[in-house]
Amino acid sequence: MPKFSVITVCKNEEKTIEKTILSVLNQQYADVEFIIVDGKSTDKTLDIINKYRDRIDILISETDSGVYSAMNKGIQKATGDFLFFLNGNDTFKDDFVLKKVAKIITDYLDAKLVIGNVDFYENGNYKFTNHQEDVLTIFDFQKKFYSHQGIFYSKSVFEKYGLYNENLRIISDNLLNAKVLKNNELIVYTKDIISNFTLGGLSSNLNYKQLLDKEKKYLHNKMFKYQSVMVRNIISLIKYFLPRVYELYYKSPIYKTYQLKTVIYDKEKIWWKRYLLFYQVTKIMLLIYVLQCILF
């Protein structure tokens, strides 16, 4: 069974850090390394962390240049097979998340990312669920980035592609994800909800929208240079207005070059996809039968 390194990055989180810590310590899985990287908090965050110090494997408390700088410090200390980042305002969905993900990793030993869904909260109230398995192609990824609160990374990802780019403040994790996807690494999806994420960070703060747009443009130019916005928009229009034409494109070798190497783990999800396929085939056969009756 895999060993997990859970990395919590925090600074001045006295109101929420305890729930994050307990969320990790209550996991019903034995092989977990818990790393906390604190950005030299000036409130009572460190006092709360020290209450549980004997159950925290590594504690770093020093100034850093941003969230990715802190995450990189955790990565460099981590010894787990898979790494997960649970920041100081978020929690695992339940006490069995690591146990369920360990089963998936055991079934797919070549997986580089294991991705589940994320529940988003604001001011303690549930807002929506980010269904990340909707991202099945490179084009989908360009429209909808993954939330890192739902991603387990194989340690080998950081060994192969390097640490997070600290020059980016918001989407360095998506830059790393893009590298993994473009190299056709194996991704396994699960419909399980991995974590509860609290809105209000840089990526969800409207005050940083200009910076976010700038970094998104950088990512697209760097990773998707030959997949222009115009091409993506044309494909979207074809999909909407000419579904039959899009269907031909969808089945073509061109589309397959953009597909991600993915496995959807949950049997219910696989069953549902088979049902949809059966439904589509039945619909086509019925249409052919009706046309035959009309024409002949």
Side-chain angles (χ1 to χ4, degrees), residues 1-10 13-38 45 47-59 71 74-75 77-109 111 113-133 146-155 173 187-201 264-269:
M1 297 295 277
K3 176 181 179 180
F4 291 104
S5 291
V6 178
I7 300 170
T8 292
V9 170
C10 62
E13 301 280 3
E14 63 181 8
K15 294 180 180 178
T16 57
I17 189 63
E18 189 160 30
K19 70 175 184 179
T20 302
I21 292 172
L22 291 174
S23 176
V24 177
L25 298 181
N26 289 336
Q27 286 297 302
Q28 300 299 300
Y29 189 78
D31 206 357
V32 184
E33 176 183 60
F34 191 15
I35 301 170
I36 295 182
V37 184
D38 172 70
T45 298
D47 294 335
I48 296 168
I49 291 171
N50 283 324
K51 281 171 56 180
Y52 304 94
R53 185 64 187 89
D54 60 330
R55 300 181 65 188
I56 297 166
D57 297 281
I58 297 171
L59 171 61
M71 289 166 77
I75 294 166
K77 294 289 185 181
T79 61
D81 303 303
F82 273 75
L83 279 58
F84 184 79
F85 301 92
L86 189 73
N87 291 343
N89 201 16
D90 308 321
T91 60
F92 281 116
K93 188 62 188 176
D94 57 48
D95 296 342
F96 301 94
V97 169
L98 295 184
K99 187 174 183 179
K100 287 182 278 191
V101 173
K103 174 67 167 63
I104 296 171
I105 293 168
T106 303
D107 289 345
Y108 291 94
L109 296 175
L113 304 181
V114 176
I115 301 179
N117 299 325
V118 179
D119 276 351
F120 281 65
Y121 286 79
E122 189 172 34
N123 299 322
N125 299 313
Y126 169 80
K127 300 298 287 186
F128 61 90
T129 300
N130 187 1
H131 295 283
Q132 304 197 100
E133 68 270 25
Y146 296 124
S147 300
H148 81 257
Q149 296 83 2
I151 307 177
F152 288 81
Y153 292 88
S154 168
K155 183 72 185 297
D173 51 322
I187 307 162
V188 182
Y189 292 95
T190 172
K191 71 173 185 177
D192 287 324
I193 295 170
I194 300 299
S195 68
N196 300 320
F197 170 65
T198 302
L199 291 164
I264 296 178
Y265 183 76
D266 306 275
K267 291 180 180 178
E268 294 86 353
K269 182 70 71 174

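Positions are given from 1, in the same order as the sequence printed here.
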Asker: Can you find a pair of side-chain heavy atoms, one from Thr198 and one from Thr16, that are under 4.5 Å apart?
Answerer: no
Asker: So Met71 and Val37, do their side chains get closer than 4.5 Å, heavy atoms only?
Answerer: no
Asker: Ignoring hydrogens and angles, tell me if any N or O in the side chain of Gln132 forms a donor-acceptor pair with the backbone of Ser147 under 3.5 Å.
Answerer: yes
Asker: Taking salt bridge (charged side-chain N to carboxylate O under 4.0 Å, His left out) as the cut-off, I'd like each qualifying pair that reaches into residues 17-26, sequence neighbours left out, listed once.
Answerer: Glu18-Lys51
Asker: Do any N or O atoms from the side chain of Thr8 and from the backbone of Ile36 form a donor-acceptor pair under 3.5 angstrom?
Answerer: no
Asker: Could you report the tightest heavy-atom contact between Ala78 and Ile35, atom names first, then the distance?
Answerer: CA-CD1, 3.7 Å
Asker: Are any non-hydrogen side-chain atoms of His148 and Asn87 less than 4.5 angstrom apart?
Answerer: yes
Asker: With sequence neighbours left out, write down each residue that passes salt bridge (Lys or Arg N to Asp or Glu O under 4.0 Å) with Asp107, or none if nothing qualifies.
Answerer: Lys103
Asker: Tell me, do Asn196 and Lys93 make a side-chain contact under 4.5 Å, heavy atoms counted?
Answerer: yes
Asker: Do the side chains of Val32 and Leu98 get nearer than 4.5 Å, heavy atoms only?
Answerer: yes
Asker: Rounded to the nearest 0.5 Å, what's the gap from OG1 on Thr129 to CD1 on Ile193? Could you check?
Answerer: 4.5 Å
Asker: Nearest 0.5 Å, what's the CZ-OG1 distance between Phe197 and Thr91?
Answerer: 12.0 Å
Asker: Taking side-chain contact (heavy atoms from CB on, under 4.5 Å) as the criterion, tell me which of Ile115, Ile194, Val188 meets it with Val101.
Answerer: Ile194
Asker: Please report the shortest heavy-atom distance between Gly80 and Ser5, naming the atom on each side.
Answerer: N-OG, 2.9 Å
Asker: With no hydrogens and no angle check, is any side-chain donor or acceptor of Asp94 less than 3.5 Å from a backbone partner on Val97?
Answerer: yes
Asker: Any side-chain to backbone donor/acceptor pair from Glu33 onto Thr79? Under 3.5 Å, distance only.
Answerer: yes
Asker: Looking at every non-hydrogen atom in both residues, tell me the closest pair between Arg55 and Leu25 and how far apart they are.
Answerer: NH2-O, 3.4 Å
Asker: Is the closest side-chain heavy-atom distance between Gln27 and Phe4 below 4.5 Å?
Answerer: no
Asker: Are the aromatic ring centres of Phe84 and Phe92 under 6.0 angstrom apart?
Answerer: yes
Asker: Side chains of Tyr52 and Phe34: closer than 4.5 Å at any heavy-atom pair?
Answerer: no
Asker: Is it true that a side-chain atom of Thr20 and a backbone atom of Asp90 form a donor plus acceptor pair closer than 3.5 Å?
Answerer: yes
Asker: Within the distance-only criterion (no hydrogens, no angle test), does the side chain of Gln28 pair as donor or acceptor with the backbone N or O of Asn26 below 3.5 angstrom?
Answerer: yes
Asker: What pair of heavy atoms forms the shortest contact from Met1 to Ala102, and how long is it?
Answerer: CE-CB, 3.6 Å
Asker: Given Val24 and Ile56, is the side-chain contact (heavy atoms from CB on, under 4.5 Å) satisfied, shown in steps?
Answerer: CA-CA 10 Å; Val24 177; Ile56 297 166; over 6 Å; no
Asker: Taking the side chain as every heavy atom from C-beta outward, state whether Leu199 and Lys127 have any pair of such atoms under 4.5 Å apart.
Answerer: yes
Asker: Please state whether the rings of Tyr189 and Tyr146 are parallel, tilted or perpendicular, taking 30° and 60° as the class boundaries.
Answerer: tilted
